[in-house]
A.B. asks: 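Pasting a structure here, questions to come.
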Amino acid sequence: MNILIVMTSHDSLGDSGGKTGIWLEEFAAPYYVFTDAKATITLASPKGGHPPIDPDSEKAVAYTGATKRLGSDDEASQALRDTVALATIDSAADYDGIFIVGGHGPMWDLAEDEHSIALLEDAARRGIPIGAVCHGPAAFRHVRGADGEPLVCGRAVTGFSNREEEANGTLDAVPFLLEDMLVDSGGAYSSAPDWQPHVEHDGTLITGQNPASSEATARQLLALIDVKKVLAPVDPGPVIQSEPTLTGR
């Protein structure tokens, strides 16, 4: 079983002067869900190399069992330092599933990155399961499904809520609001109370609301991969050409 974990390379929180990147729990928990299931993991980011880590996610208050485990895992730490560039990923067909890590960074780079968009559209056409947590669903902003519609259109989805963005003090720092983007793209958005775990599963798409949802999102993706592996491969069929307008700042 091969799983691709996609992360941001972006480290600036807009014009706020703050730093961002991946949220460490949202990498660590899924990473161990997958490796404990004996999956082969590939880590990728737009620029390759070591993705930036949101400094707030490294504070003691944000520690979880998974992040503590990561802190003493030399092999995982080395893998995190050596992510491959997204441009080197030839096809989604090489993977049984794709997982997108959150943190605010994806709002800037994965949301607009041509290689990320192409990879996810390839996965969608092939019926390859895709999971994303917290701000990870920002990567779906310009992604189209096999029908030419936005990937999330008509699907139950979740992600970091507007309420949580406001409570986090980053409402005015982000280039767009994730919840609004998902709704504007036709997604059937729902959320739990702030900071509580919440996961939505619709077809081959699995989304988690916040850091507390990272492990559950990964486990649902893993379960879906196990189901898909006993089914016949999906023929991606003809590619529907579309040229969505990029509206990010």
A.B. asks: Determine whether a donor-acceptor pair (N or O, by modelled atom type, separation under 3.5 Å) exists between the side chain of Asp202 and the backbone of Leu205.
C.D. replies: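 Checked: no pair found.
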A.B. asks: Could you tell me whether the side chain of Ser12 reaches within less than 4.5 Å of the side chain of Thr20, counting heavy atoms only?
C.D. replies: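 No, too far: nothing below the 4.5 Å cut-off.
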A.B. asks: State plainly whether the residues Arg141 and Glu112 are in salt-bridge range, i.e. N to O under 4.0 Å.
C.D. replies: yes
A.B. asks: Side chain to side chain contact (heavy atoms under 4.5 Å, CB included) between Gln209 and Val199: does it pass, once the steps are laid out?
C.D. replies: CA-CA 6 Å; Gln209 181 178 333; Val199 178; over 6 Å; no
A.B. asks: How about Gln220 and Thr207: do any of their side-chain heavy atoms sit closer than 4.5 Å?
C.D. replies: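 They are not in contact (no side-chain heavy atoms under 4.5 Å apart), so the answer is no.
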A.B. asks: Shortest non-hydrogen contact from Ala28 to Leu70?
C.D. replies: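 Closest approach of Ala28 to Leu70, heavy atoms only: CB-CD2, 4.1 Å.
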A.B. asks: Are Leu177 and Met181 close enough that some pair of their side-chain heavy atoms sits under 4.5 Å apart?
C.D. replies: no
A.B. asks: If you define the side chain from C-beta out and look only at heavy atoms, does anything of Met1 sit under 4.5 Å from Thr40?
C.D. replies: no
A.B. asks: Looking only at heavy atoms, what is the nearest atom pair of Ala212 and Gln196, with distance?
C.D. replies: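 For Ala212 and Gln196, the tightest heavy-atom pair comes out as CB-C, 4.4 Å.
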A.B. asks: Looking at Asp36 and Arg69, is any side-chain nitrogen of the basic one under 4.0 Å from a carboxylate oxygen of the acidic one?
C.D. replies: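 Yes.
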A.B. asks: Do the side-chain N and O atoms of Asp94 and Asn2 include a donor-acceptor pair separated by under 3.5 angstrom?
C.D. replies: no
A.B. asks: Quick one: does Ile98's side chain get under 4.5 Å of Ile3's, heavy atoms only?
C.D. replies: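 Sidechains of Ile3 and Ile98: no contact.
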A.B. asks: Could you please spell out the steps behind the side chain to side chain contact (heavy atoms under 4.5 Å, CB included) verdict for Asp54 and Ile22?
C.D. replies: CA-CA 6 Å; Asp54 190 312; Ile22 67 169; over 6 Å; no
A.B. asks: Tell me the closest heavy-atom pair linking Trp108 and Gly14, and the distance in Å.
C.D. replies: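 Of all heavy-atom pairs spanning Trp108 and Gly14, the closest is CZ2-N, 3.2 Å.
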A.B. asks: Nearest 0.5 Å, please: how far is CG in Leu171 from CZ in Arg163?
C.D. replies: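 Result: 12.5 Å between the selected atoms.
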A.B. asks: Between CG of Leu178 and OG of Ser191, what distance do you get to the nearest 0.5 Å?
C.D. replies: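 Result: 11.0 Å between the selected atoms.
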A.B. asks: So which atom in Leu151 and which in Ala124 form the shortest heavy-atom distance, rounded to 0.1 Å?
C.D. replies: CD1-CB, 3.7 Å
A.B. asks: I'd like to know whether CG of Asp74 has more than 12 heavy-atom contacts from other residues, nucleotides or ligands below 6.0 angstrom.
C.D. replies: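 Counting other residues, nucleotides and ligands, CG of Asp74 stays at 12 neighbours or fewer.
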A.B. asks: Does any non-hydrogen side-chain atom of Val101 lie less than 4.5 Å from one of Val6?
C.D. replies: no
A.B. asks: Any idea which heavy atoms bring Ser57 and Leu24 closest together, and the distance?
C.D. replies: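 That would be OG-N, 3.1 Å.
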A.B. asks: Would the distance check show the side chain of Asp122 and the main-chain N or O of Ser91 forming a donor-acceptor pair, the cut-off being under 3.5 Å?
C.D. replies: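 A pair under 3.5 Å: no.
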A.B. asks: Does any non-hydrogen side-chain atom of Ile5 lie less than 4.5 Å from one of Ile100?
C.D. replies: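 Of all side-chain heavy-atom pairs linking Ile5 with Ile100, none is under 4.5 Å.
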A.B. asks: Between His135 and Glu165, is there a side-chain donor-acceptor contact under 3.5 Å, judged purely by atom types and distance?
C.D. replies: yes
A.B. asks: Is there a donor in the side chain of Gln78 and an acceptor in the side chain of Asp82, or the other way round, less than 3.5 Å apart?
C.D. replies: yes
A.B. asks: Side-chain heavy atoms nearer than 4.5 Å, only ILVMFWY residues, links allowed to pass through others: does that put Ile89 and Ile128 together?
C.D. replies: no
A.B. asks: Tell me whether Val133 shares a hydrophobic cluster with Tyr63, the cluster being built from Ile, Leu, Val, Met, Phe, Trp, Tyr side chains joined at under 4.5 Å.
C.D. replies: no
A.B. asks: Any donor and acceptor pair, going by atom type alone, linking the side chain of Glu121 with main-chain N or O of Arg144 inside 3.5 Å?
C.D. replies: yes
A.B. asks: Taking it one step at a time, do Lys59 and Asp56 satisfy side chain to side chain contact (heavy atoms under 4.5 Å, CB included)?
C.D. replies: CA-CA 5 Å; Lys59 293 179 179 178; Asp56 286 342; 2.9 Å; yes
A.B. asks: To the closest 0.5 Å, what do you measure between CD1 (Ile53) and CE (Met7)?
C.D. replies: 9.0 Å
A.B. asks: Pairing donors with acceptors under 3.5 angstrom, does anything connect the side chains of Ser214 and Glu25?
C.D. replies: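 Ser214 vs Glu25: donor-acceptor pair found between side chains.
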A.B. asks: Apply side chain to side chain contact (heavy atoms under 4.5 Å, CB included) to Leu13 and Thr170, showing your working.
C.D. replies: CA-CA 9 Å; Leu13 193 59; Thr170 44; 3.8 Å; yes
A.B. asks: Measure across Glu26 and Gly103 and return the closest heavy-atom pair with its distance rounded to 0.1 Å.
C.D. replies: OE1-N, 3.1 Å
A.B. asks: Going hydrophobic residue to hydrophobic residue with side-chain gaps under 4.5 angstrom, can you get from Leu110 over to Val174?
C.D. replies: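 Yes, Leu110 connects to Val174 through the hydrophobic network.
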A.B. asks: Just verifying a value: how many Å separate Thr158 OG1 and Glu179 CD, rounded to the nearest 0.5 Å?
C.D. replies: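 Interatomic distance, Thr158 OG1 to Glu179 CD, rounded to 0.5 Å: 8.0 Å.
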A.B. asks: Ser213 and Asn210: side-chain donor and acceptor closer than 3.5 Å?
C.D. replies: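 Yes - a donor-acceptor pair under 3.5 Å links their side chains.
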A.B. asks: Do the side chain of Thr67 and the main chain of Thr64 share a donor and acceptor less than 3.5 angstrom apart?
C.D. replies: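 Yes, the answer is positive, given that a donor and an acceptor are paired below the 3.5 Å cut-off.
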A.B. asks: Does a sphere of radius 6.0 Å around CD in Glu58 hold more than 12 heavy atoms from other residues, nucleotides or ligands, not counting ones at 6.0 Å or beyond?
C.D. replies: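 Yes - once you tally the heavy atoms of other residues, nucleotides and ligands closer than 6.0 Å, there are more than 12.
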A.B. asks: Run the side-chain donor-acceptor check on residues 41-52: report pairs under 3.5 Å with partners two or more places apart or on a different chain.
C.D. replies:
from  : atom 1 : to    : atom 2 : distance (Å)
Ser45 : OG     : Gly48 : N      : 3.0
Ser45 : OG     : Thr83 : OG1    : 2.8

A.B. asks: Nearest 0.5 Å please: distance from the CG atom of Leu222 over to the CD atom of Glu215.
C.D. replies: 11.0 Å
A.B. asks: Regarding Ser161 and Glu164, do their side chains bring together a donor and an acceptor under 3.5 Å, going by distance alone?
C.D. replies: yes
A.B. asks: Could you name each residue pair satisfying ring-ring contact (aromatic ring centres under 6.0 Å, His included) that touches residues 186-221, not counting sequence neighbours?
C.D. replies: Phe160-Trp195
A.B. asks: Would you compute the distance between atom CG of Leu86 and atom CD of Glu114 and round it to the nearest 0.5 angstrom?
C.D. replies: 10.5 Å
A.B. asks: Is there any ring-ring contact (aromatic ring centres under 6.0 Å, His included) pair reaching into residues 12-45, and which pairs are they, with sequence neighbours excluded?
C.D. replies: Phe27-Tyr31, Phe34-Phe99
A.B. asks: Counting only N and O atoms by type, is there a donor-acceptor contact under 3.5 Å from the side chain of Ser185 to the main-chain atoms of Gly187?
C.D. replies: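 Checked: no pair found.
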A.B. asks: Assigning hydrophobic clusters by single linkage (Ile, Leu, Val, Met, Phe, Trp, Tyr; side-chain heavy-atom cutoff under 4.5 Å), is Ile130 placed with Leu4?
C.D. replies: yes
